[in-house]
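Read through the structure below, which is laid out as structure tokens, and then see the notes.
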There are 2 protein chains.
Amino acid sequence: MQMSAETETFVVHFGEMASRWGFNRTVGQMLALIVLSEKPLNADDISQLLAVSRGNVSMAAKELQSWRLVKVHREPGDRKDYLVANGSIWDLAQQVMAERKKREVDPTLSVVRGLLMTMDDQPESHARQQIQEMNDLLELFSKWFDDVNNMQPEHLKALMKMGAGVGRVLEMTQRLTPGSKKQERP
Amino acid sequence: MQMSAETETFVVHFGEMASRWGFNRTVGQMLALIVLSEKPLNADDISQLLAVSRGNVSMAAKELQSWRLVKVHREPGDRKDYLVANGSIWDLAQQVMAERKKREVDPTLSVVRGLLMTMDDQPESHARQQIQEMNDLLELFSKWFDDVNNMQPEHLKALMKMGAGVGRVLEMTQRLTPGSKKQERP
DNA sequence: TTATACTTTCAGAAATTTCTGAAAATTCAA
DNA sequence: TTGAATTTTCAGAAATTTCTGAAAGTATAA
């Protein structure tokens with residue numbers, strides 16, 4: 001079995017980006033391969049195509065399942081596990097975003113909330129004020145993100161196409177209000 | 001010099017999260033420390049407070065400057081560089097988002113665009129269709145993000161408070177259209 | 001039940017990233 | 001200029017992450 005030149009480019013790129021996206025190279029390459037492959041792939045296919053060990057494929061498969069990016073497909077009379085992408089590109093992107101938010105934002109929000117509790121004395125301190133501002137930001141972001149990311153892909157597309165426009169309207173109304181021009185921002 | 005218990009909790013947490021956010025532990029801890037510190041800190045202060053080498057502080061400072069998260073402040077008659085946060089928590093968050101998008105999204109969009117060019121034959125292939133869908137997603141996201149992230153913090157806050165509401169209106173109109181209920185999504 | 005086809009596990013090897021600290025480079029007051 | 005104060009650099013050490021492959025575990029066809 002062999003990859004097309006285009007698939008290989010894509011797979012190699014995903015391997016390089018993987019660590020920036022929160023998983024390791026094999027996980028990234030496997031995801032790329034599975035997404036581009038028309039037919040379900042089993043562990044031996046993948047091990048051979050990516051030239052990595054069978055054990056590595058097994059660990060990466062578990063990781064992809066824990067991210068809910070792939071599902072296992074089995075055919076009667078065949079004992080092998082076949083991996084398939086768990087939805088459209090948009091579904092996968094939303095899944096990645098949700099998982100990353102859980103790992104990259106939620107723990108910090110939790111720590112920040114805890115700190116605010118213990119800092120009820122010193123309400124004026126610079127540290128306390130900064131932590132308060134971070135709490136407000138994360139709180140707002142977290143709620144907004146969960147709402148938006150749970151929308152169906154088609155609705156999300158529509159919202160994003162509006163997004164910039166909505167912002168521009170806000171900027172416009174603000175610009176007409178004296179004393180708040182962009183240039184005056186410190 | 002010494003950190004308060006609260007500052008230490010915050011700093012240690014930022015150190016733990018750093019790799020998930022795209023920088024190393026020292027960079028994360030330094031950012032946390034600088035953000036919470038009322039007065040500007042020099043390299044020796046930081047080296048002592050975080051118990052890391054002077055060279056490490058120098059490298060981390062460069063990294064924070066390349067992310068535009070800190071700026072250097074100098075006082076006449078003192079040769080030391082003093083580091084200060086480059087704006088409010090919101091400013092910093094927007095800066096981090098912009099930089100991460102540049103590192104985590106833009107390179108992939110570039111590769112995907114390139115691949116589409118070379119796949120003008122085989123327009124029906126599954127791989128080509130998947131790459132096209134990824135291109136559309138990244139294109140839309142990239143434009144939307146740049147627009148939104150360049151808004152002033154106050155405007156962005158207002159937009160995020162609306163965000164969920166705008167989405168809900170869309171869901172609502174859609175739900176009234178037969179044949180597209182959420183439950184029927186495949 | 002048994003044999004076998006497969007998956008999972010995990011100790012240690014390999015690869016990668018981060019950190020140290022001494023030497024080199026730079027800056028600036030005198 | 002000079003030289004002391006400071007920052008930067010970078011080779012190698014340390015820490016961390018990823019990967020391998022053989023052994024153990026599991027599931028299923030016969």
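Keep in mind that the numbers below use all heavy atoms, side chains included, and drop hydrogens, waters and symmetry copies. Model, not experiment: these values are computed from the prediction. Residue numbers start from 1 in every chain, and the chains themselves are labelled A, B, ... in the order their sequence lines are given, proteins ahead of strands.
- Considering only heavy atoms from C-beta on, Ser125(B) stays 4.5 Å or farther from Gln130(B) through its side chain.
- For the residue pair Val35(A) and His126(B), the shortest heavy atom distance occurs at O-CE1, 3.3 Å.
- Note that the first and last nucleotides of DNA chain D, 5' to 3', having any atom under 4.0 angstrom from a heavy atom of chain A are dT18(D) to dA29(D).
- For Ala51(B) and Tyr82(A), each mapped to the nucleotide of DNA chain C holding its nearest heavy atom, the one lying further toward the 5' end belongs to Tyr82(A).
- Glu8(A) places none of its side-chain heavy atoms less than 4.5 Å from the side chain of Leu36(A).
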Treating primed atoms plus P, OP1 and OP2 as sugar-phosphate and everything else as base, which nucleotides of nucleotides 23-30 of chain C get B, S or - for protein heavy atoms under 4.0 Å?
----BBS-
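- If you check the side chains of Asp91(A) and Ser88(A), you find a donor sitting under 3.5 Å from an acceptor.
- Salt-bridge check for Arg103(A) with Glu99(A): passed, with a basic side-chain N closer than 4.0 Å to an acidic carboxylate O.
- Between Arg25(A) and Glu16(A) there is no side-chain heavy-atom pair separated by less than 4.5 Å.
- Here Arg100(B) pairs with Glu104(A), Glu104(B) under the side-chain hydrogen bond (donor to acceptor under 3.5 Å, both in side chains) rule; sequence neighbours left out.
- Within the structure, side-chain hydrogen bond (donor to acceptor under 3.5 Å, both in side chains) contacts touching residues 106-118 of chain B (residues at least two apart or in different chains) are His13(A)-Thr108(B), Lys101(B)-Asp106(B), Arg113(B)-Glu139(B).
- Over its length, the helix from dT1(C)-dA30(D) to dA30(C)-dT1(D) turns its helix axis by 20°, as judged from the five terminal pairs at each end, rounded to 10°.
- The pair Lys157(A)-Asp136(B) does not count as a salt bridge, with every side-chain nitrogen at least 4.0 angstrom from each carboxylate oxygen.
- Using a 3.5 Å distance cut-off with no hydrogens or angles, the side chains of Asp44(A) and Ser47(A) do not pair a donor with an acceptor.
- You'll find the side chain of Leu33(B) reaches within 4.5 Å of the side chain of Leu41(B), heavy atoms only.
- Nearest-nucleotide assignment on DNA chain D puts the 5′-proximal partner with Arg54(B), out of Val57(A) and Arg54(B).
- Residues Trp90(A) and Gln94(A) bring no donor and acceptor atom of their side chains to less than 3.5 Å of each other.
- Residue Leu83(A) forms a side-chain contact (heavy atoms from CB on, under 4.5 Å) with just one option from Ile46(A), Asp45(A), Leu64(A), and that option is Ile46(A).
- Within residues 20-47 of chain B, the residues having any heavy atom under 4.0 Å from DNA chain C are, by residue number, Asn24(B), Arg25(B), Thr26(B).
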